[in-house]
Amino acid sequence: MLSSIADRVSRVVQRYLPDAFVIAVLLTLFVFIAGFVMNPQEPITLFKSFGDGFWVYLAFTMQMVLLLLTGMVLAAVPVIKRGLESIAGLANTPAKAYVLTFVVSALAYYINWGLAVVVGAIFVREVGKRNQQAHFPLLVAAAYSPTVLYTAGLSSSIGLTVATKDHFLADVMGIIPTSQTIFHPSTLIIFAVLFITMPIVICLMAPKNNIKPYQVKEVTSKSEASLQKADTPALKLEQTPILGIVTGAVGLIYVVIEFINGKDLDLNIINLLFLSLGLIMHRSLGQYGNAFKEAVGSTSPIILQFPFYAGIIAVLSSSGLGQAIIDGMASVANKETFDVFTYWSAGIVNILAPSGGGQWALQGPLQVPAGIKLGVDPATIAMAVGWGDAWTNLIQPFWALPILSIVGLHIRHIMGYCFLLAIWVGAVTTILLFFLY
């Protein structure tokens, strides 16, 4: 039954859902119109905030581009590629393919969401190559859907923020240790329930007919150009492995020093780690550079669309639209239901402002004081915002762009399955939040 429902929903979504860039532009126009309705006397403010905010994600955009490129180039190293192929080979039935893809991606999301972006995308491609009986759009949805778990993981942006000394809400809520957020028993229970039930739902959605397998594309690799006979000093420099090994070793030493000094695993560390390992494990700088060129085309949607979402977040804040959504939910909540309404409002805001850190900066100053007034634990408020932010990532194209860029699908190919998963996750998490938090 769920399979037929998923098939119908998927067909409808593929027919009517536009490209992710079109969605970004439509959301931009929606926020502008809503902001103007709320502030008809200050239209200039909206344009200024959009322009000022448009470039706020510039550093983050570059981080994500490098994350994909360095990850893809590292995965192209023969020994790593064979390792991925070996693990992917375990998925010799469609059900095993869906479950294994979800589990590998979920574990990566628990360790670090930035790491998971690349791991999930590369792994699902390897599984798809080896299992032509699995429906590839659903496989990609299985790799992407663990994004809802990252808020309970080791890189939870909100959980780590409120545990940091002198964070921007420290005067209001104090320093909240991770034992009360990401390592709290209630959080672990929600994580476990979703980890167990989501792959079951995914398997139940698997189509019985019209299976669309992964389309293996024959690409002539330009990296072999680096294997030309080194008969000039220039070619010798390009093909010697020494330069890559020495440069990569410098990067690895830096990473080790940072970890010894207590540095967290952030995007910069992951990027330098991937880059350094790639330089060491590829046979030459010339080969590494050619592999980089081959991978670069997949990053174009991120470069194009991320600035638009930065502008949306700025307008959402300056127009008061975000505050109106949050205040509306909070006004009908009591002590018992406040975390649930916080979860719902965070889910709505995340569709317009898909950034955990950015959303906490917008929602935290409004939600925390209101909850404290009702006697709600600030730690549960923070986690409710985090769960809500992660929940609607399933139906927000922003975080799906990296994996879609690598596997070559459009958002419409996976959104029907993600929509049904979002319904399941929303219902389960709402119930668990109410009884556990």
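Computation of the quantities below employed the complete heavy-atom set of this structure, encompassing side-chain atoms and omitting hydrogens, waters and symmetry-equivalent molecules.
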J.: Considering residues at least two apart in sequence or located in another chain, which fulfil the side chain to side chain donor-acceptor pair (under 3.5 Å) criterion with S318?
T.: S49
J.: Between the side chains of T430 and W344, is a donor N or O closer than 3.5 angstrom to an acceptor N or O?
T.: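 Yes, W344 and T430 have a side-chain donor paired with an acceptor closer than 3.5 Å.
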J.: Do the ring planes of F54 and F308 sit parallel (below 30°), tilted (30 to 60°) or perpendicular (above 60°)?
T.: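 If you compare the ring of F54 with that of F308, the planes turn out perpendicular.
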J.: Suppose we screen for side-chain contact (heavy atoms from CB on, under 4.5 Å). Which residues come up paired with D7, at least two apart in sequence or across chains?
T.: R11
J.: Do you know which two heavy atoms are closest between Y437 and T187, and how far apart they sit?
T.: OH-OG1, 2.7 Å
J.: How are the rings of F306 and F60 set relative to one another: parallel (under 30°), tilted (30 to 60°) or perpendicular (over 60°)?
T.: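 Judged by the thresholds at 30° and 60°, the geometry between F306 and F60 is parallel.
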J.: Taking only distance into account, with no hydrogens and no angle test, what donor-acceptor pairs under 3.5 Å do side-chain atoms of residues 401-421 form with protein atoms, sequence neighbours excluded?
T.:
from	atom 1	to	atom 2	distance (Å)
S405	OG	S298	O	2.9
S405	OG	L401	O	2.7
R412	NE	L17	O	3.1
H413	ND1	H410	N	3.0
Y417	OH	H135	NE2	3.1

J.: Among pairs that include at least one residue of residues 45-61, which meet salt bridge (Lys or Arg N to Asp or Glu O under 4.0 Å), considering only residues two or more places apart or in two chains?
T.: K48-D52
J.: Please table the atom pairs, donor to acceptor, closer than 3.5 Å between any side-chain atom in residues 189-200 and protein atoms at least two apart or in another chain.
T.:
from	atom 1	to	atom 2	distance (Å)
T197	OG1	V193	O	2.8
T197	OG1	W424	NE1	3.1

J.: Taking E126 first and then K129, would you say they form a salt bridge - that is, a charged N and a carboxylate O separated by under 4.0 Å?
T.: yes
J.: Measure across G120 and A143 and return the closest heavy-atom pair with its distance rounded to 0.1 Å.
T.: O-CB, 3.8 Å
J.: Could you work out, with ring-ring contact (aromatic ring centres under 6.0 Å, His included) as the rule, every residue matching F338, not counting sequence neighbours?
T.: none
J.: Of the non-hydrogen atoms in L252 and I280, which two are nearest, and what is the gap between them?
T.: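 Smallest heavy-atom distance, with atoms named: CD1-CD1, 3.4 Å.
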J.: Check the surroundings of atom CG in N261: do more than 12 heavy atoms from other residues, nucleotides or ligands lie under 6.0 Å from it?
T.: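 For N261, atom CG is crowded (more than 12 foreign heavy atoms under 6.0 Å).
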